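Okay, structure first, notes after.
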Amino acid sequence: MPKFYLTTAIDYSNGEPHLGHALEKIGADCIARYRRLRGDDVHFVMGMDEHSQSVIQAAARAGVPPQAWVDRMAATFADYWRRLHCSHDDWIRTTEPRHAGAVAALLERIRQRHPADLFEAEYEGLYCTGCEEFKTGAQIVDGHCVEHPTLELIPTKERNHFFRLSAYRDAVLDRIRSGALRVQPEIRRNEVLRLLEAGLQDISISRQRQPWGIPFPGDLQQTVYVWFDALINYLSATGFPEPGYDRLWPADLHIVGKGITRFHCVIWPAMLLAAELPAPRAVWAHGYVQWSGTKMSKTAGTPVTLGEAIDRHGADALRYFLLREVGFENDGDFTWERFDARYTSELADTFGNLVSRSLAMLHRYRSGTVPRDPATHAPPPIETAARAAVAGYARAMDALALEQGAAQWMELAAHANRYIEETAPWKLAQRGQDAELDTVLANLARTVARLAVLAAPFIPRAAATVWGLFGERAPLETIRLDDLESLSAERLQVAKPPVLFPKPERTPRGAQKLVT
RNA sequence: GGCGGCGUAGCUCAGGUGGUUAGAGCAGCGGAAUCAUAAUCCGCGGGUCGUCGGUUCGAGUCCGACCGCCGCUACCA
């Protein structure tokens, strides 16, 4: 059983999680569940990034000590991920001792293997006394800090520890070009390659005047710069430097937002190479969730809270909508209108109703017992369609094309609805064509069971419910994709179908916000 | 400024290496059916393929210019 070590970016502890955070976690969870379906020994890690200045500020605004603040945030995030049925195996926080230990160990390892890669130098920058940090780029407008336009930025020199990033340009470039480190999707790979081709500068990896952080080994006047600190979480979670960490390391896939690809595709691999540790095998950089075509930035305020989105139609529905319509590759739009449309048309009317009518007929015509299929000859069209859908689903999911995987699932459900219309079981029953009816009902039951398996990575709760309706079988978690071809529901006693995805009678709340 | 991407039916999008009447899903309209969450199934709807030129027997599909969005451009996670 091959191991599959999967991570998401750890979330910054300075505010509530929103739909953007959720997309990343749900996408990663979908992949984790799919890999388990594939038979991989999955280790899925999420967590919190809890150091740095903004955390201190957020804590101060809330009037609590930093540790109390990050504890509160971690609990909040973890609760949302639980509500969204995330199936992570571990939850790491950068304020944990195991992480501080790993950071110190990694730095020590670099110092031992490549002493020249860590050195001290002067860092020069514009320092804002309001923020207590250096400002660059877009943070400076008209020569002033955007947060404190009335204060003067002070040119300041600071003695810092540096990492010789420049020494690893060629090695990182080679790994990405050769595919040893896969950067996906293609557009992100190209961006990273161009960045590398342009050359790298060494980076400072420590900060003075920054009490909320991991002490820099050998220089207690300074703390480890938050990015250098944060990236190491992926290694900390393996148990590094304790023996056995290499059972998990290297990571098979880091899921990150497109805004932080260079940290994961350039700096992180270079850090590992300097420590003579293997680089991750793949990085997937997803796009962002937009609200009616505009950015959902923290500063602009969130037009929709994560809680509202979950409450709308339930966690499964939100998961499905984010992965199917918003998508895990490009930026995508979230609107109540689109959410409701997908929910109604696909989850309720196509899949939910298919389950309803199939099981209802099983009860009406066969007392709830799936009959044996007496047919001995050519498989019905639905069987051919099911195999094609499973193959297409696997192809898409292997390539992390989650939208297409969901589309394959939906296509099979639609096909099953057509199969019912074409065979018209109610007519077969009327005419007393029992053998034909048995064939149709057995095939329908089998298709519904297969759909439950394929749906599990996207809508785990509903999938388990449907699977459970068949009773007397192995838990859904033990089923593998390879089992689908021979999967049969014959002789099983099925329960009465519940309404999986109820449809609100009237215009649900929040719809009016669409107009503004 | 530099590099790159996008702009196809009301909406979300497919459309390797140019070639008969430009496709799908959703929404909308008409019909059928009645097992089912008034769900399903069938049919229909004609969009200057961002704009203007060019190459070609022929371009959504290649070239150039332009317009409009967007991403990256290294220490904000």
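Chain identifiers are assigned alphabetically (A, B, ...) following the order of the sequence lines, protein sequences preceding nucleic acid strands; residue numbering begins at 1 within each chain. Fair warning: this is a prediction, and the values are worked out from it, not measured in the lab.
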Between atom [atom1] in [X] and atom [atom2] in [N], what is the gap in whole Å?
X	N	atom1	atom2	answer
A:Glu411	B:C26	CD	P	10 Å
A:Leu402	B:U12	CG	P	21 Å
A:Lys427	B:C35	NZ	C1'	12 Å
A:Leu444	B:A36	CG	P	14 Å
A:Asn330	B:C69	CG	P	19 Å
A:Arg357	B:U40	CZ	C1'	5 Å
A:Glu436	B:C35	CD	P	19 Å
A:Gln408	B:A24	CD	P	17 Å

Determine: side-chain N/O of A:Lys258 to OP1/OP2 of B:G71, distance under 4.0 Å, yes or no.
no
So, does A:Arg188 get its side chain near the phosphate of B:G4, meaning an N or O under 4.0 Å from OP1 or OP2?
no
With sequence neighbours excluded, tell me which residues meet salt bridge (Lys or Arg N to Asp or Glu O under 4.0 Å) with A:Arg194.
none
Partners meeting salt bridge (Lys or Arg N to Asp or Glu O under 4.0 Å) with A:Glu96 (sequence neighbours left out):
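Listed in chain order: A:Arg98.
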How far does the [atom1] atom of [N] sit from the matching atom of [M], given to the nearest Å?
N	M	atom1	value
B:U21	B:G60	C1'	16 Å
B:C67	B:C52	P	15 Å
B:U56	B:C3	P	30 Å
B:C13	B:C66	C1'	26 Å
B:C69	B:A22	P	31 Å
B:G4	B:A9	P	27 Å
B:G30	B:U37	C1'	24 Å
B:G71	B:U61	P	26 Å

Among [options], the nucleotide that comes nearest once only the side chain of [X] is considered:
X	options	answer
A:Trp426	B:A33, B:U40, B:U12	B:A33
A:Arg338	B:C35, B:G5, B:U12	B:U12
A:Arg418	B:A36, B:A39, B:C41	B:C41
A:Leu200	B:A39, B:A74, B:C35	B:A74
A:Asn417	B:U40, B:U37, B:A36	B:U40

Below 3.5 Å between N/O atoms, which protein atoms pair up with nucleotides 1-3 of chain B? Just atom names and distances, please.
residue, atom, partner, partner atom, Å
B:C3, O2', A:Arg194, NE, 3.2

Which residues pass the side-chain contact (heavy atoms from CB on, under 4.5 Å) test with [X], not counting sequence neighbours?
X	result
A:Ala489	A:Val370, A:Ala445, A:Phe470, A:Arg473, A:Leu492
A:Lys496	A:His363
A:Ala279	A:Arg175, A:Pro269
A:Leu196	A:Arg169, A:Val172, A:Leu173, A:Ile176, A:Val192, A:Leu200, A:Val266

Need one value for [X]: base, sugar-phosphate or nothing, where a base atom within 4.0 Å counts as base even if backbone is also close, heavy atoms only.
X	result
A:Val499	base
A:Leu359	nothing
A:Phe501	base
A:Asp202	base
A:Leu500	base
A:Ile205	nothing

Validate the cation-pi geometry between A:Arg342 and A:Tyr320: distance from NZ or CZ to the six-membered ring centre under 6.0 Å, angle to the ring axis within 45°.
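No, cation not above the ring by the 6.0 Å, 45° rule.
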Using the closest heavy atom to pick a nucleotide of RNA chain B for each, name whichever of A:Gly199 or A:Glu325 lands nearer the 5' end.
A:Glu325
Considering heavy-atom distances to RNA chain B, does A:Ala414 or A:Ile260 have its closest nucleotide positioned more toward the 5' end?
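Comparing both residues, the 5'-ward one is A:Ala414.
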Less than 3.5 Å apart, which donor and acceptor atoms pair up between the side chains of residues 69-76 of chain A and the rest of the protein, not counting sequence neighbours?
residue, atom, partner, partner atom, Å
A:Trp69, NE1, A:Ser13, O, 2.7
A:Asp71, OD1, A:Gln67, NE2, 3.0
A:Asp71, OD1, A:Arg93, NH1, 3.4
A:Asp71, OD1, A:Arg93, NH2, 2.6
A:Thr76, OG1, A:Arg72, O, 2.9

Check whether any side-chain N or O of A:Asp202 sits under 3.5 Å from a backbone N or O of A:Leu165 as a donor-acceptor pair, and report yes or no.
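Confirmed, A:Asp202 side chain pairs with A:Leu165 backbone.
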Answer yes if the side chains of A:Thr439 and A:Asp373 hold a donor-acceptor pair under 3.5 Å, and no otherwise.
yes
Looking at A:Arg357 and A:Glu421, does any basic side-chain N land under 4.0 Å from a carboxylate oxygen?
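Salt bridge flag = yes for A:Glu421 with A:Arg357.
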Salt bridge check, A:Glu197 against A:Arg177: does any charged N sit closer than 4.0 Å to a carboxylate O?
yes
Determine which pairs satisfy side-chain hydrogen bond (donor to acceptor under 3.5 Å, both in side chains) with at least one residue from residues 443-452 of chain A, sequence neighbours left out, and list them in order.
A:Glu383-A:Arg450
Could you provide the dot-bracket string of RNA chain B, using ( ) for intrastrand pairs, [ ] for crossing pairs and | for bases paired to another strand, with Watson-Crick or G-U pairs below 3.5 Å?
(((((((..((((.....[...)))).(((((.......))))).....(((((..]....))))))))))))....
Qualifying residues under side-chain hydrogen bond (donor to acceptor under 3.5 Å, both in side chains), relative to A:Ser52, sequence neighbours excluded:
A:Tyr12
Which residues in residues 343-353 of chain A have a heavy atom closer than 4.0 Å to any atom of RNA chain B?
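Result for residues 343-353 of chain A: A:Ser345, A:Ala348, A:Asp349, A:Gly352, A:Asn353, sorted by number.
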